[in-house]
Amino acid sequence: MSKQKGRGKRSKPVVGDRAKEVVESIDDNNPVIIMFREYAAQLDDKHDKYERIVKHSRDITIESKRIIFLLHNSNTDIDSKKQSILEEADKRLKAVVDTNLRAVAEELREEDGYQFLRAYTNGLQEFIEALTFYQFIKNDNIDDWNKINHMFKYEDETGQEFKLLFPQYEFILGIADFTGELMRRCINTLGVGNIEDCFKLCNFVRHINTGVLGLMSHGNKELSRKAYVLRQSLEKMELVCYNIQIRGTEIPKHMLISVIESSDVKDDIDEGFY
Amino acid sequence: MSAVTAQDRMTLNMTFVCQGKKPHDYINAEQDIREEIRKIMKDIEKPLREITTVLQVIHHEPNVEQLNAACLNARHIFEEVRQGYAALDNIIPTNQYYRYNDHWRFATQRLCFLAALVVFIETGILISKETAAEILGINNKTNIHLDLEDYLMGILNMASELARFAVNSVTFGDYERPLQISKFVAQLNAGFRLLNLKNDSLRKRFDALKYDVKKIEEVVYDLSIRGLSQHAGGGEGSAKGPQE
């Protein structure tokens, strides 16, 4: 009878007993255990690969950010200095393609790249941002997807080709980020007093904005978010152009920047309510 | 003048990059494939619902014949599922399984669960990944395969269903079934403990397994304490005696 009294609250510590018994009685030859050992190995392999790619991606992001910072310094009138910065940027961009991105591509050989796309999408976008920014400063122009996609083709020692998965969609996201740098550069150029460049940059971003709007057909979260940021950058730049146009004759060029920065603040507050 | 030409060039280039044919074609093509996939998923989800309904008979005081008939029936309906997956295999581009797999992941998990349940009722053993893929018709396909995580998710879903099955079996006077289930789920639990799970959905689902184990254990305990089960009766009861 004492057994029945044991029910209720005190049943909890006893309840697991049978499970424990079974677990203890399971030996290494149990078919379920053998099966799960194999699954565990498969899962570990996959997770390890994912983590390795994330690491590469982080390295790519850091180096790309540094290259972008370097390129912002190219905003100078001295041609030789600009040239040397561009050369260095070019060298470093190539190094990223040949080492980090190659490492990712090697991990993805024989794999479905889309399975691991999320592991390296951030690095890839940041790299595209740096690359297009470099191309824009150098040529006033950026390459199209085909040309850039071609950069990600590699060959191993035996001459076998493999390539990094580079969806067009990632390219567009990278370009959207790149407009942020253009906005920064537009403000900086103004500080130097280079007004023509402001209009040029603003116009370029306008075209990108038009292009991105044309792609917004499906409800993609990340693209919508970036399109929103892009629009904000563009509005800021358009305001700069507006100010140059309307006050350019009243105020000395080097003081325009303070006018625009003060109106920037107002603009940001407005966005809050928008 | 040179600035103007540079700008024109830029305009042309941006037209090419963003408004031109390439990205649009690409996105439209992707939309078309997704539309096709959605159509096929409808064909897969219909038998999925049917099998789910058919197998609910386990909770309705079944006798052995009814159980067998339900399993046979389920296996019969699985044929439609296999046709669906064959169609899916045809439209997924090579090496793009993971680009679109959001569309069928959930259904595949449910189907794994149903296949696992059928195999358990028929034989009492755990379905292997290969068998599951076979029943679903996604073995030996070129562009689609059974993802390990989907299979494992299905197994975990089965554990919850078995917990319910254990409770209902007792209600219908079948005191042996819970013991079988208990042993089975304990093995499952031990197996899952071997996996190094990341902090993802599978991990969360696995964390819920312990509640199923607990529920089943409570049923077994209730049976053994009353001596209602031949196997768990005397031995179990006396084993627990000293702990009081």
Side-chain angles (χ1 to χ4, degrees), chain A residues 2-7 10-23 26 30-33 35-37 39-40 42-44 46-47 50 111-117 140-146 165 167-169 171-172 175 196 200 203-204 207-208 210-212 214-215 217-218, chain B residues 3 6-7 9-11 13-20 22-24 26-27 31 95-101 125-126 128-129 148-149 151-152 182-183 185-198 213-214 216-218 220-222 224-226 232 236-237 239-241 243-244:
Chain A
S2 61
K3 275 180 246 161
Q4 280 189 344
K5 274 188 205 160
R7 275 192 75 239
R10 249 186 293 171
S11 71
K12 269 180 189 159
V14 191
V15 163
D17 272 10
R18 193 171 169 84
K20 224 180 276 167
E21 249 177 59
V22 175
V23 172
I26 293 173
N30 185 300
V32 176
I33 297 298
M35 241 154 78
F36 271 85
R37 281 246 159 73
Y39 299 153
Q42 283 176 28
L43 270 185
D44 283 350
K46 199 182 115 188
H47 291 161
Y50 192 90
E111 297 275 355
D112 176 351
Y114 286 96
Q115 187 177 9
F116 298 98
L117 183 60
D140 278 349
N141 210 334
I142 58 178
D143 284 344
D144 60 60
W145 179 82
N146 283 319
L165 174 73
Q168 283 95 332
Y169 184 64
F171 181 50
I172 303 294
I175 290 181
E196 293 80 33
K200 196 178 85 181
N203 211 15
F204 194 67
H207 285 299
I208 295 179
T210 316
V212 170
L215 295 174
S217 51
H218 59 316
Chain B
Q7 238 174 53
R9 202 148 40 84
M10 253 159 26
T11 314
N13 185 265
M14 278 321 295
T15 316
F16 180 57
V17 168
C18 287
Q19 296 172 290
K22 289 225 149 52
H24 262 298
Y26 160 81
I27 281 172
Q31 290 303 313
N95 268 342
Q96 298 197 1
Y97 177 89
Y98 289 98
R99 183 169 170 188
Y100 300 106
N101 79 334
I125 60 166
L126 176 64
S128 72
K129 181 165 164 271
L148 178 59
E149 267 116 324
Y151 160 76
L152 292 173
S182 157
K183 192 160 173 254
V185 174
Q187 283 181 3
L188 267 187
N189 196 16
F192 269 99
R193 278 179 195 287
L194 293 175
L195 308 176
N196 295 316
L197 295 174
K198 287 213 309 185
V213 173
K214 182 166 172 273
I216 297 166
E217 284 307 310
E218 276 168 354
V220 172
Y221 176 72
D222 282 343
S224 57
I225 206 130
R226 292 177 175 76
E236 287 290 308
K240 273 163 197 152
Q243 286 191 15
E244 298 215 275

Quick one, A/D112 with B/N95, criterion side chain to side chain donor-acceptor pair (under 3.5 Å). Give me CA distance, side-chain angles, the key distance, then yes/no.
CA-CA 5 Å; A/D112 176 351; B/N95 268 342; over 6 Å; no
In terms of heavy-atom proximity below 4.5 Å to chain A, should B/L152 be classed as side chain, backbone, both, or neither?
side chain
Could you have a look at B/L194, B/V185, B/N101, B/L197 and say which one has the most heavy-atom pairs with chain A under 4.5 angstrom?
B/L194
Note, A/L43 side chain near B/K198 side chain (heavy atom, < 4.5 Å):
no
Of all of A/I33, A/L117, A/L165, which one pairs up most often with chain B through heavy atoms under 4.5 Å apart?
A/I33
For A/D143 versus A/F171, what's the shortest heavy-atom pair and its separation?
O-CZ, 3.6 Å
Pair count under 4.5 Å, heavy atoms only, with chain B: among A/Q42, A/M35, A/E111, A/H47, highest is A/H47
As an exercise: rank B/L148, B/L126, B/I125 by heavy-atom pairs under 4.5 Å with chain A and give me the winner.
B/L148
Ring centroid separation for B/Y100 and A/Y114, is it under 6.0 angstrom?
no
With a 4.5 angstrom heavy-atom cut-off, which part of A/F116 approaches chain B: side chain, backbone, both or neither?
neither
A/K200 and A/E196 ion-paired at < 4.0 Å
no
